[in-house]
Number of protein chains: 2
Amino acid sequence: MSDDIGSLDEGASPVEKFREFLVTKRQRLTREREIIVEEVFSSHEHFEPDDLIDRLSNRHDSRRVSRSSVYRTLALMEEAGLLRKVARPNGREVYEHDYGYPQHDHLICDQCGMLIEFHNEEIASIVERIASEHAFLRKSHRLEVYGTCADCRRPKQRRPRKLDLI
Amino acid sequence: MSDDIGSLDEGASPVEKFREFLVTKRQRLTREREIIVEEVFSSHEHFEPDDLIDRLSNRHDSRRVSRSSVYRTLALMEEAGLLRKVARPNGREVYEHDYGYPQHDHLICDQCGMLIEFHNEEIASIVERIASEHAFLRKSHRLEVYGTCADCRRPKQRRPRKLDLI
DNA sequence: CTAAGTGCAAATGTTTTGCAGAATC
DNA sequence: GATTCTGCAAAACATTTGCACTTAG
């Protein structure tokens with residue numbers, strides 16, 4: 001189990017990592033929770049609770065999980081550091097993996113909604129410095145840059161001149 | 001009205017700034033919208049739609065504004081750059097002024113929910129550099145650092161007597 | 001004068017919750 | 001065997017919308 005592991009969990013599977021988290025909260029790794037974690041980590045796509053619910057609550061086999069359990073488990077997974085939320089330009093938020101995937105942030109296009117991931121060490125260290133200046137214990141951060149992506153910036157040939165001032 | 005102003009609106013009041021935005025969308029600055037903007041900018045506190053609704057929809061005088069109009073106007077104000085959203089540790093979001101207030105980011109305490117504002121030039125320029133590397137036109141960003149504030153890190157021996165610090 | 005906005009109430013969409021029975025440690 | 005979970009259905013929320021009336025420009 002989680003004997004003397006400690007920092008060895010770097011290579012642990014998401015399910016293992018989740019189990020360790022649950023142990024600290026005296027909670028259980030049920031079949032349903034395992035199914036949900038597996039489903040979530042079977043793809044790197046961003047997703048909303050409803051996507052998962054579609055995939056898990058409509059089936060009629062032994063891997064069906066109820067809507068409530070999906071919500072309950074997603075909250076736990078976020079708390080466990082397996083998932084984090086990212087904003088979409090439409091004002092909504094989606095989940096993404098926060099485990100087994102390198103730390104990164106996003107450029108978010110307000111035209112087409114595309115998410116561009118990037119990683120930057122400098123930002124991480126500046127953030128760390130600012131945190132310590134405030135005696136703040138940093139656990140994670142979320143940086144989102146809003147604007148327009150290269151594709152959407154290209155002059156749109158001629159669009160029907162809808163706003164030509166009548 | 002908005003003749004040749006352009007960049008002069010730096011010092012304009014929130015209501016003026018909003019009016020200029022509305023003009024570009026061929027929309028109107030109604031009495032209700034003006035009341036909402038005034039109410040929002042009468043205090044620097046973070047707030048949720050419901051806070052405003054409490055203050056504006058329950059009154060029985062000429063400054064009453066309906067729930068729908070509050071929602072509709074907040075969305076416009078966000079679009080106009082007067083407001084932006086900030087996450088709270090409880091998974092919710094609140095609005096804060098994004099006009100007439102210096103650009104800043106937040107440290108967010110996951111224990112007590114306190115928001116600590118900070119400003120950092122370096123981050124802004126790194127973000128700008130990353131954006132241009134991706135041919136991304138940066139308009140704004142949001143950086144939130146999650147963790148535990150100094151107060152909450154203190155061993156909880158005795159509850160922090162907050163009134164002692166001044 | 002007319003396009004745009006308001007208030008209302010109903011509709012929507014999402015997330016949470018109480019509870020009885022089931023599963024886990 | 002006690003505690004923790006699950007699934008269900010209902011409840012709770014937060015936000016949006018259709019529509020008749022009102023109003024800004």
Side-chain angles (χ1 to χ4, degrees), chain A residues 1-2 15 18-37 39 47-54 56-80 83 85 87-88 90-95 162-163 165-166, chain B residues 1-3 15-16 18-37 39 47-54 56-80 83 85 87-88 90-95:
Chain A
M1 313 294 135
S2 59
V15 171
F18 195 38
R19 186 202 304 280
E20 288 173 27
F21 166 79
L22 290 170
V23 164
T24 70
K25 295 197 59 175
R26 299 234 174 74
Q27 298 196 324
R28 298 164 184 173
L29 178 61
T30 61
R31 176 84 181 121
E32 288 81 0
R33 289 177 179 173
E34 196 170 344
I35 291 169
I36 293 168
V37 175
E39 183 64 36
F47 67 95
E48 302 191 33
D50 224 47
D51 299 329
L52 264 191
I53 289 167
D54 280 350
L56 292 175
S57 302
N58 294 329
R59 31 169 83 221
H60 295 284
D61 58 16
S62 63
R63 290 180 69 81
R64 193 192 108 87
V65 180
S66 74
R67 166 177 297 269
S68 326
S69 292
V70 170
Y71 276 110
R72 289 189 275 229
T73 302
L74 287 176
L76 284 171
M77 290 174 70
E78 199 181 349
E79 198 183 333
L83 295 177
K85 288 178 176 163
R88 299 310 307 276
N90 57 12
R92 297 210 145 174
E93 296 190 312
V94 292
Y95 282 107
K162 38 195 326 191
L163 291 186
L165 255 232
I166 301 206
Chain B
M1 308 297 132
S2 62
D3 324 72
V15 171
E16 268 319 304
F18 196 38
R19 185 202 306 277
E20 287 172 28
F21 166 79
L22 289 170
V23 164
T24 70
K25 295 196 57 173
R26 300 233 175 82
Q27 298 196 326
R28 297 164 184 175
L29 179 62
T30 62
R31 175 82 181 123
E32 289 81 359
R33 290 176 178 173
E34 197 170 343
I35 291 170
I36 293 169
V37 175
E39 184 64 36
F47 66 95
E48 302 191 34
D50 224 47
D51 299 329
L52 263 192
I53 290 167
D54 280 350
L56 292 175
S57 301
N58 293 330
R59 30 170 83 223
H60 295 283
D61 58 16
S62 63
R63 290 180 68 82
R64 192 191 109 87
V65 180
S66 76
R67 165 177 300 269
S68 326
S69 292
V70 171
Y71 275 110
R72 288 189 275 229
T73 303
L74 287 176
L76 284 171
M77 290 174 71
E78 199 182 349
E79 198 183 333
L83 294 177
K85 287 179 176 161
R88 297 312 308 275
N90 57 13
R92 298 212 146 170
E93 295 191 312
V94 291
Y95 282 108

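Proteins come first, then strands; the chains are lettered A, B, ... in the order of their sequence lines, and each starts at number 1. Please read all numbers here as calculations on a predicted model, not as lab measurements.
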If I take atom [atom1] in residue [X] and atom [atom2] in nucleotide [N], what distance separates them, rounded to the nearest angstrom?
{"X": "B:Arg72", "N": "C:dT6", "atom1": "CZ", "atom2": "P", "answer": "6 Å"}
{"X": "A:Arg67", "N": "C:dT17", "atom1": "CZ", "atom2": "C1'", "answer": "14 Å"}
{"X": "A:Gln27", "N": "D:dA2", "atom1": "CD", "atom2": "P", "answer": "21 Å"}
{"X": "A:Ile36", "N": "D:dT6", "atom1": "CD1", "atom2": "P", "answer": "7 Å"}
{"X": "B:Leu76", "N": "C:dA4", "atom1": "CG", "atom2": "P", "answer": "13 Å"}
{"X": "B:Lys25", "N": "C:dG5", "atom1": "NZ", "atom2": "P", "answer": "9 Å"}
{"X": "A:Leu56", "N": "D:dG7", "atom1": "CG", "atom2": "P", "answer": "10 Å"}
{"X": "A:Leu52", "N": "C:dT14", "atom1": "CG", "atom2": "P", "answer": "14 Å"}

* Asked: Between the main-chain N or O of A:Ser57 and the side-chain N or O of A:Arg67, is there a donor-acceptor pair closer than 3.5 Å?
  ->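 Checking the backbone N and O of A:Ser57 against the side chain of A:Arg67, no donor-acceptor pair under 3.5 Å is found.
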
* Asked: Do A:Arg33 side-chain atoms and A:Arg28 backbone N/O form a donor-acceptor pair below 3.5 Å?
  ->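 Side chain of A:Arg33 to backbone of A:Arg28, a donor-acceptor pair under 3.5 Å: yes, one is there.
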
* Map B:Val65 and A:Leu29 onto DNA chain C by nearest heavy atom, then report which one ends up closer to the 5' terminus. =>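 On the 5' side of the pair lies B:Val65.
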
Any side-chain N or O of [X] under 4.0 Å from OP1/OP2 of [N]?
{"X": "B:Arg33", "N": "C:dG5", "value": "yes"}
{"X": "B:Tyr71", "N": "D:dT15", "value": "yes"}
{"X": "A:Ser69", "N": "D:dG7", "value": "yes"}

* Thinking salt bridges, do B:Glu79 and B:Lys25 make one under a 4.0 Å N-O criterion? ->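 Judged by the 4.0 Å cut-off on N to carboxylate O distance, B:Glu79 and B:Lys25 do form a salt bridge.
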
* To do: Could you tell me whether B:Asp61 and B:Arg59 make a salt bridge, using a distance below 4.0 angstrom between a side-chain N and a carboxylate O?
  =>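 Judged by the 4.0 Å cut-off on N to carboxylate O distance, B:Asp61 and B:Arg59 do form a salt bridge.
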
* Would you mind telling me which residue lines up with the more 5' stretch of DNA chain D, B:Glu48 or B:Arg31, judged by nearest nucleotide? =>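 Per heavy-atom nearest nucleotide, the more 5' residue is B:Glu48.
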
Side chain of [X], base of [N]: donor and acceptor closer than 3.5 Å?
{"X": "A:Arg28", "N": "D:dT3", "result": "yes"}
{"X": "B:Arg64", "N": "C:dG7", "result": "no"}
{"X": "A:Ser68", "N": "D:dC8", "result": "yes"}

* **Sequence-distant partners of A:Glu48, side-chain contact (heavy atoms from CB on, under 4.5 Å), two or more places apart** =>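 In terms of side-chain contact (heavy atoms from CB on, under 4.5 Å), with neighbours along the sequence ignored, A:Glu48 is linked to A:Asp51, A:Arg92, A:Val94.
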
* Asked: Counting side-chain heavy atoms from C-beta on, which of D:dC5, D:dG7, D:dA24 comes nearest to A:Thr30?
  ->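 Given the options D:dC5, D:dG7, D:dA24, the side chain of A:Thr30 is closest to D:dC5.
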
